[in-house]
Peer 1: 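Quick one: the structure is below, questions incoming.
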Amino acid sequence: MSSCILKIENITKSFAGFIANKNVNLEIFEGEIHTILGENGAGKSTLMNILTGLYRPDSGNIYINGTRVNIKSPKDALNYKIGMVHQHFMLVNNISVFENLLLSMKLDSFVINERKLKSKVKEILREFELDIDIEMPVWKLSIGQQQWVELIKLLIRDSKILILDEPTAVLTPQESEFLFTFLTKLKSQNKAIIFISHKMKEVMTLSDKVTILKKGETVKTLNRGEFDEQLLAELMISNKEHLKLEKSAKVFSKQILKIKNLNVKNDKGLSDLSDFSLELFEGEILGIAGITGNGQKALAEVLTGLKKPLSGQIIVNDQDITYSTSKSKYISGIAHIPEDRKTMGIAPDLSVDENLILKNYSSDKFTNFFFLNKEKIKQNAREQIEKYSIKMGYDGIPVRLLSGGNIQKVIIARELSENPLILVALYPTRGLDVGSAEYVHQVILDSREKGMSTILISEDLDELLKISDRIAVMFRGKNMGYLSPESATKTEIGLLMSGKK
Amino acid sequence: MISIIIDATIRAGTSILYATLGEIIIERSGIINLGIEGLMLIGALSGFYTTYTTGSLFLGVISAVLIAGIAGLIHGILCTYFKGNQIVSGLALTMFGIGITAVLGKKMVGQTIEGFKRIEIPFLSKIPVIGNSIFNQDILVYLSIVLVFVITFVLYKTVWGLNLRTVGENPYAADVAGINVTAYKLWATFIGSGLAGLGGAYLSLAYTPLWIENMSAGRGWIAVALVIFASWSCKRALFGAYFFGGISAIQLRLQAMGTTISAHILQMLPYIFTIVVLIIATIKLEKGYSSQPESLGLVYDREDRK
């Protein structure tokens with residue numbers, strides 16, 4: 001019988017009147033992989049940030065190996081051997097991997113003894129059979145490699161409790177497999193692993209135990225064998241209706257968008273898109289699979305006019321709009337759900353009302369001459385809030401204080417308000433809980449019925465397979481080919497994602 | 001002639017060099033300090049006053065560093081504990097420095113002290129043309145050059161330097177690595193401000209051993225600009241500072257030779273070059289060749305919900 005290494009008792013934490021954690025209880029044992037499951041805003045990240053010393057709880061106790069501890073700062077957490085791979089990596093981009101790793105090592109001398117430490121780092125890499133060039137600056141690594149650096153940091157510190165916050169969000173299926181094998185190996189070394197994920201399949205394969213959080217409270221802890229996908233989903237989300245998605249069969253004939261040999265370079269002079277071609281039919285949902293950083297962002301930016309291509313053509317309804325501005329692209333019917341909803345999707349300090357008209361504030365609908373018409377803006381907001389059931393604390397609340405799912409709803413409401421022809425959705429469900437993600441899918445499917453086409457760029461293969469009509473795979477700025485979601489397997493897609501045909 | 005210009009270049013560049021090194025250290029911690037100009041004046045006056053009353057140049061230097069360091073620490077505290085706006089706080093510090101030194105320095109105007117003497121380094125100073133201009137300077141000039149290498153070493157080869165750079169790049173990463181972010185920011189601000197004060201003291205104790213109201217004459221601003229030009233590297237700051245020193249030296253020489261160009265235009269030269277340099281550096285930044293600390297100018301709040 002392994003011992004309880006970490007016990008959380010009645011933890012409560014609130015932010016400015018909003019309760020993020022309420023009497024949370026949790027027990028973690030050595031040598032187990034314990035999944036924390038919950039919708040966004042269920043309080044998973046808050047709880048983990050309390051464990052790592054970033055937040056101080058309002059009340060409650062934490063015990064490590066049976067002794068009550070007070071984690072006042074990240075430093076304390078490190079002393080208690082708690083380590084975490086954060087969703088936003090805690091890496092310094094401009095310095096080398098080696099220097100990043102140094103931050104996690106106990107250095108007793110003032111002057112850094114490079115040669116000695118480098119061989120020590122290499123030794124650790126060899127021990128865990130990892131292949132990373134430690135001289136590279138971190139920003140040159142792929143997201144997947146950066147995550148490994150984060151993980152290595154924990155190994156160097158010899159953390160006993162490892163927290164991984166949605167680690168597979170940035171990995172290919174094959175890379176995820178490798179990570180899972182690795183985690184299993186760590187488990188056999190008696191480490192406790194706290195795993196946070198939304199992806200049911202991996203939760204099923206990996207977890208020894210699952211604890212479900214809902215609205216900041218612990219619902220239940222289940223042992224392996226006691227849970228299945230259906231049960232977990234039901235426990236986690238309040239609303240069961242959303243679980244089934246209906247999709248009508250359709251035949252696509254009319255080509256609405258054609259991209260021909262598009263070339264785009266980024267700030268650093270590297271190719272983001274090289275001879276990229278794509279076709280999209282009316283009413284179709286075209287899924288685009290690929291590991292983050294293979295040109296997806298550039299594709300969305302070029303389509304929505306945020307970036308100018310070097311060469312190539314974008315044709316919508318026989319009209320060449322390659323070099324149109326973002327405003328005229330919006331007017332010609334291309335809507336955009338951006339990748340980073342908080343920095344690109346909204347004006348964070350403005351209200352929901354104002355955010356809903358960011359793209360058409362100057363239209364006659366909302367103006368009297370050149371003054372904004374507050375009445376009509378309010379009216380519009382009321383309709384949209386009702387239609388998309390956007391939940392907000394109070395009227396006029398800055399939109400940044402909404403939960404991720406509700407912010408996404410505001411963006412979708414705005415983007416779909418002018419009935420666009422094409423929706424370019426870049427990771428629209430990233431970081432959303434199952435309920436909100438289902439909602440986004442539902443909206444996209446509803447718009448499909450009305451004839452809108454969607455380019456759905458995602459890293460979640462389950463999502464792509466579930467709602468796409470066709471799937472294209474991107475690798476190093478190229479379109480690797482189309483697959484049909486009915487016949488394609490994940491392995492097939494995974495291979496294309498890593499450039500193998 | 002060349003020898004005289006090199007000599008004048010180094011002497012004119014040294015105070016800017018100190019200030020630039022100071023600002024580099026502060027900005028490496030993620031704090032922008034626009035108070036450099038004010039800190040230089042505070043350093044210049046406190047150095048002069050102390051030397052005037054005690055007769056010791058050494059004590060003058062020490063008091064310049066300490067008093068400017070403490071004044072800068074006010075900015076540091078505002079930017080960390082009180083999460084203030086760094087631009088506003090820095091500008092206030094400059095205005096405070098200009099004002100308070102004008103008031104408190106009234107009695108020192110017109111007083112004289114014995115400034116730093118040149119120290120001739122044997123043999124090296126005998127090198128033709130450059131020898132006497134480079135190796136026959138006062139101790140503060142030598143110290144500034146030594147500091148360039150010391151600070152570079154500390155920043156890149158020591159644990160303290162690595163931690164400081166991490167704090168300036170990504171304070172969240174520093175925090176979860178167990179580094180005391182606030183302490184590093186405060187130490188960097190203290191040391192950097194002290195160096196700016198030393199730059200000021202160089203003016204009043206060595207360059208022209210006098211106290212003149214507003215004697216830094218915009219050198220603090222040039223230093224702030226030079227940090228960007230030098231892309232936060234001490235060695236490049238050395239070249240930058242001497243470049244500006246050179247321009248002031250040449251314009252003074254031209255004036256002395258009685259050219260027909262208006263003296264006002266000549267005096268503008270260093271500032272015009274500041275603008276040119278900033279434009280070039282900004283274009284470089286825009287193109288993404290930036291080595292600017294990523295979190296420069298941002299407030300760090302551990303519990304900030306992203």
Side-chain angles (χ1 to χ4, degrees), chain A residues 13 15-16 18 20 45-46 49-50 52-56 73-79 82-96 98-114 117 138-139 150 153-154 157 266-270 340 342-343 400-401, chain B residues 24 27-30 80 149-184 187 231-233 282-296 298-306:
Chain A
K13 169 79 183 170
F15 294 97
F18 156 76
S45 300
T46 307
N49 283 331
I50 288 172
T52 48
L54 285 170
Y55 296 167
R56 304 283 302 276
S73 70
K75 202 172 178 173
D76 290 341
L78 295 175
N79 288 337
I82 301 173
M84 174 159 174
V85 175
H86 294 259
Q87 228 178 337
H88 298 274
F89 298 147
M90 296 292 184
L91 293 171
V92 183
N93 287 321
N94 286 331
I95 67 177
S96 69
F98 170 65
E99 285 181 304
N100 266 286
L101 293 177
L102 280 185
L103 291 171
S104 311
M105 299 173 90
K106 276 223 170 67
L107 303 171
D108 22 26
S109 61
F110 180 67
V111 177
I112 296 166
N113 185 342
E114 253 182 58
L117 290 168
V138 163
W139 63 265
E150 283 281 65
K153 276 163 69 178
L154 306 192
R157 286 193 187 278
N266 62 16
D267 300 341
K268 299 204 167 78
L270 307 169
D340 192 338
K342 284 202 178 172
T343 55
R400 72 185 156 88
L401 296 178
Chain B
I24 287 178
E27 292 199 5
R28 282 289 188 179
S29 81
T80 50
F149 296 98
V150 170
I151 295 172
T152 306
F153 181 82
V154 170
L155 278 179
Y156 289 97
K157 300 287 174 195
T158 68
V159 179
W160 195 85
L162 176 65
N163 290 354
L164 180 69
R165 282 184 293 138
T166 304
V167 167
E169 293 282 345
N170 185 349
Y172 295 91
D175 202 355
V176 297
I179 298 169
N180 188 335
V181 174
T182 307
Y184 271 88
W187 271 112
S231 23
W232 292 266
S233 140
T282 316
I283 293 171
K284 262 170 50 185
L285 277 183
E286 290 284 310
K287 282 191 176 156
Y289 302 111
S290 156
S291 39
Q292 173 178 333
E294 253 177 55
S295 83
L296 184 63
L298 303 178
V299 170
Y300 175 63
D301 182 359
R302 186 189 278 170
E303 291 216 358
D304 188 20
R305 305 190 80 204
K306 278 203 274 193

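In the text below, chain A, chain B and the rest are named by the order of the sequence lines, each starting its count at 1.
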Peer 1: Minimum heavy-atom separation for B:Arg302 to A:Tyr55, with atom names?
Peer 2: O-CE2, 4.1 Å
Peer 1: Which residue in the set A:Leu78, A:Asn49, A:Thr52, A:Leu54 passes side chain to side chain contact (heavy atoms under 4.5 Å, CB included) when paired with B:Val176?
Peer 2: A:Leu54
Peer 1: Mind ranking B:Asn163, B:Asn170, B:Leu162, B:Asn180 by heavy-atom pairs under 4.5 Å with chain A and telling me who comes out on top?
Peer 2: B:Leu162
Peer 1: Which answer fits A:Leu103, side chain, backbone, both or neither, if we ask what part of it has an atom under 4.5 Å from a heavy atom of chain B?
Peer 2: both
Peer 1: For the residue pair B:Asp175 and A:Pro74, what are the closest heavy atoms and their distance?
Peer 2: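 Of all heavy-atom pairs spanning B:Asp175 and A:Pro74, the closest is O-CB, 3.1 Å.
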Peer 1: OH of B:Tyr172 to NE2 of A:His86: how many Å apart, nearest 0.5 Å?
Peer 2: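 Reported to 0.5 Å precision, the distance equals 12.0 Å.
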Peer 1: Need one label for A:Ser45: side chain, backbone, both or neither, based on atoms under 4.5 Å from any heavy atom in chain B.
Peer 2: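 A:Ser45 has no heavy atom closer than 4.5 Å to chain B.
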Peer 1: If every non-hydrogen atom of B:Thr166 is compared with every non-hydrogen atom of A:Val92, which pair is closest and at what distance?
Peer 2: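 For B:Thr166 versus A:Val92, the nearest heavy atoms are CG2-CG2, 3.5 Å.
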Peer 1: Minimum heavy-atom separation for B:Gln292 and A:Asn94, please, with both atom names.
Peer 2: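 So the two residues come closest at O-ND2, 4.0 Å.
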Peer 1: To the closest 0.5 Å, what do you measure between CD1 (A:Ile112) and CH2 (B:Trp160)?
Peer 2: 12.5 Å
Peer 1: Using non-hydrogen atoms and a 4.5 Å limit, figure out which bit of A:Ile95 sits close to chain B: side chain, backbone, both or neither.
Peer 2: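 Side chain of A:Ile95 only, per the 4.5 Å heavy-atom cut-off to chain B.
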Peer 1: Does any backbone or side-chain atom of A:Arg56 lie under 4.5 Å from a heavy atom of chain B? Answer side chain, backbone, both or neither.
Peer 2: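 The answer is both parts of A:Arg56.
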Peer 1: Which atoms of A:Ser73 are under 4.5 Å from chain B, going by heavy atoms: the side chain, the backbone, both sets, or neither?
Peer 2: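 Contact with chain B: backbone and side chain both.
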Peer 1: Within the supplied structure, the quantity of interest is the number of heavy atoms (other residues, nucleotides, ligands) at a distance under 6.0 Å from B:Trp187 CH2; does it exceed 12?
Peer 2: no
